[in-house]
There are 2 protein chains.
Amino acid sequence: MAQPKATRDKQTKPVRDAAATQAVILAAAEEEFAQNGFTATRTEAIAAKTRVAKSMIYYYFKDKAGLYRAVLAQSHADLLATVQKLELEQLSPEVALEQFLRALLDCVSRNPRLPTIMFYEAVQNQGTFYKESSSVNIDAVLIAILERGVTAGVFRSLDPFQTAINIMGTCLFYFVGAGNIKQFPQGKRLLSKAMLEQHTQEAIALILAGVRPS
Amino acid sequence: MAQPKATRDKQTKPVRDAAATQAVILAAAEEEFAQNGFTATRTEAIAAKTRVAKSMIYYYFKDKAGLYRAVLAQSHADLLATVQKLELEQLSPEVALEQFLRALLDCVSRNPRLPTIMFYEAVQNQGTFYKESSSVNIDAVLIAILERGVTAGVFRSLDPFQTAINIMGTCLFYFVGAGNIKQFPQGKRLLSKAMLEQHTQEAIALILAGVRPS
DNA sequence: GTCTATACGAGGATAGAC
DNA sequence: GTCTATCCTCGTATAGAC
């Protein structure tokens with residue numbers, strides 16, 4: 001009566017693909033952490049989004065913190081790699097700034113959860129996990145561009161440190177509000193392809209105009 | 001032997017001032033909520049910051065959510081009142097924009113926790129508590145100014161909706177990073193009076209230059 | 001109004017079968 | 001590798017004395 005070998009003819013299908021399982025968990029975790037931050041995220045909620053058992057999280061990532069670290073690393077990898085290969089020192093400050101902004105906005109448009117993840121990490125965890133691994137400081141790259149531009153006189157006499165923060169805010173704040181904008185009933189989806197492209201345009205335009213000498 | 005009436009000669013001094021106790025709780029709660037958001041904040045942590053017992057929170061504010069609502073209302077009150085009394089319709093778009101920005105930056109400089117509170121409310125709670133009471137929509141005010149300016153030709157041809165978000169980001173993002181900036185070892189305290197004034201200057205300069213017609 | 005002590009549920013983490 | 005069942009800590013909320 002019992003089927004000796006056929007264990008997968010039921011609805012349940014334990015796929016037994018380690019890499020796939022990890023990827024599924026990571027994806028679900030990224031969503032949850034981006035929405036709720038580290039502390040408020042429930043491992044049960046992550047498991048519920050996947051078809052895998054909660055204990056798989058602990059099997060593959062040790063504990064909640066381990067999973068969080070993995071999410072941080074994965075979500076930052078693209079941005080860090082992209083910025084690093086730009087070779088901005090070769091370019092004039094104006095061009096370097098535009099290239100930098102386009103790269104940044106491309107990355108966060110591809111992964112709109114990155115800004116909120118960064119936010120949570122900065123505010124809630126005071127950058128604790130961040131410091132463990134962070135290789136390149138994105139802000140430092142931007143500050144360097146601004147300094148060059150001010151010195152060369154192609155940017156107005158701005159404070160590079162302050163302005164770098166403000167520029168990052170211009171680019172990233174959009175994604176923070178994205179989840180919240182039901183206030184605007186025109187049915188605009190802020191994360192639609194069209195809107196993301198428009199945001200890229202508008203942000204770059206605002207910033208480039210903002211640093212130009214008067 | 002026992003002192004009949006003198007109950008306050010011990011170190012412990014149950015002050016029995018309702019308003020004062022509420023204020024103390026609210027202040028501590030604002031700090032905690034700004035740092036951790038609603039879910040991750042522990043009522044025990046709030047109580048620990050004060051000298052009052054944890055149960056006072058429930059006595060005065062019903063539950064954690066009630067306390068959170070009270071914090072939201074209090075921290076937004078100043079900003080809402082300030083913006084409302086500006087009468088920006090009377091002014092030219094350029095002047096109106098500068099007035100608006102100065103008012104906004106003044107408010108958040110006075111209460112640097114407001115931006116993170118707003119952030120948490122937007123991202124984590126999707127503006128749930130917010131909608132319950134919110135009277136004026138700050139963004140709408142800014143959008144209106146931008147629309148007028150574009151129509152009048154004193155601002156460049158920008159998208160008012162997108163630009164409003166980006167401008168808010170320029171003003172507020174600074175405060176989000178403020179807790180985190182140990183990356184910059186120059187010992188700059190982002191919330192010192194001098195730095196806050198500089199941020200106000202720099203943000204206004206960046207934005208006004210950014211919207212000017214080319 | 002304020003405190004201490006405690007009930008009770010939620011959620012992180014583990015054990016052990018398959 | 002994957003699942004179910006369970007342990008145990010932590011945190012919200014309440015009861016009741018003063």
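For clarity, every value in this text was computed on a predicted model and none was experimentally measured. Naming: A, B, ... by sequence-line order, numbering from 1 per chain.
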Discussion item. At less than 3.5 Å, do the side-chain atoms of B/T21 and the base atoms of C/dT2 form a donor-acceptor pair?
Written reply: no

Practice prompt. Under 4.0 Å between any heavy atoms, over every strand shown, what does A/T39 touch: base, sugar-phosphate, or nothing? Just pick one.
Written response: nothing

Discussion item. OP1 or OP2 of C/dG1 versus the side-chain N and O atoms of B/Y59: is any pair under 4.0 Å?
Written reply: yes

Discussion item. How many whole angstroms separate atom CG of A/L67 from atom C1' of C/dG11?
Written reply: 15 Å

Discussion item. Counting only side-chain nitrogens and oxygens, does A/Y58 get under 4.0 Å of the OP1 or OP2 atom of C/dA13?
Written reply: yes

Worksheet item: For B/D63 and D/dA15, what is the distance between atoms CG and P respectively, to the nearest whole Å?
Response: 14 Å

Worksheet entry | Interatomic distance, A/K62 NZ vs C/dG12 P [rounded to whole Å] | 16 Å

Practice prompt. Sort out for me which residue in B/R42, B/R113, B/K49 forms a salt bridge (Lys or Arg N to Asp or Glu O under 4.0 Å) with B/E32.
Written response: B/K49

Practice prompt. Determine whether B/Y58 and B/T43 make a side-chain contact, defined as any pair of heavy atoms from C-beta on separated by less than 4.5 Å.
Written response: yes

Worksheet item: Looking at B/T43, does any N or O in its side chain come under 4.0 Å of the phosphate oxygens OP1/OP2 on D/dT12?
Response: yes

Worksheet item: B/A18 near the nucleic acid: base, sugar-phosphate alone, or nothing, with a heavy-atom cut-off under 4.0 Å?
Response: sugar-phosphate

Worksheet entry | Closest listed nucleotide, where the reference is the side chain of A/E44 and the choices are C/dT2, C/dG12, D/dC3 | C/dG12

Worksheet item: With a cut-off of 6.0 Å (strictly less than), are more than 12 heavy atoms of other residues, nucleotides or ligands near CZ of A/R110?
Response: yes

Discussion item. Can you confirm whether more than 12 heavy atoms, excluding those of A/R189, are under 6.0 Å from its CZ atom?
Written reply: no

Worksheet entry | Spacing between B/E32 atom CD and D/dT12 atom P, to the nearest angstrom | 11 Å

Item to complete: Could you tell me the separation between the CE atom of A/M56 and the C1' atom of D/dG1, rounded to a whole number of Å?
Response: 6 Å

Worksheet item: When the distance from NZ of B/K54 to P of C/dA7 is rounded to whole Å, what number comes out?
Response: 14 Å

Practice prompt. Using only side-chain N and O atoms of B/R42, determine if any of them is under 4.0 Å from OP1 or OP2 of D/dC10.
Written response: no

Worksheet item: Using a cut-off of 4.0 Å on non-hydrogen atoms, how would the nucleic acid contact of B/Y60 be classed: base, sugar-phosphate, or nothing?
Response: sugar-phosphate

Fill in: Interatomic distance where OH belongs to B/Y68 and P belongs to D/dT12 [whole Å]
15 Å

Worksheet item: When you measure from the side chain of A/S55, which nucleotide among D/dT2, C/dT2, C/dT14 comes out closest?
Response: C/dT14

Worksheet item: Rounded to whole angstroms, how far apart are CD1 on B/I46 and C1' on D/dT12?
Response: 12 Å

Worksheet item: When the aromatic ring centroids of B/F33 and B/Y120 are compared, is their separation below 6.0 Å?
Response: no

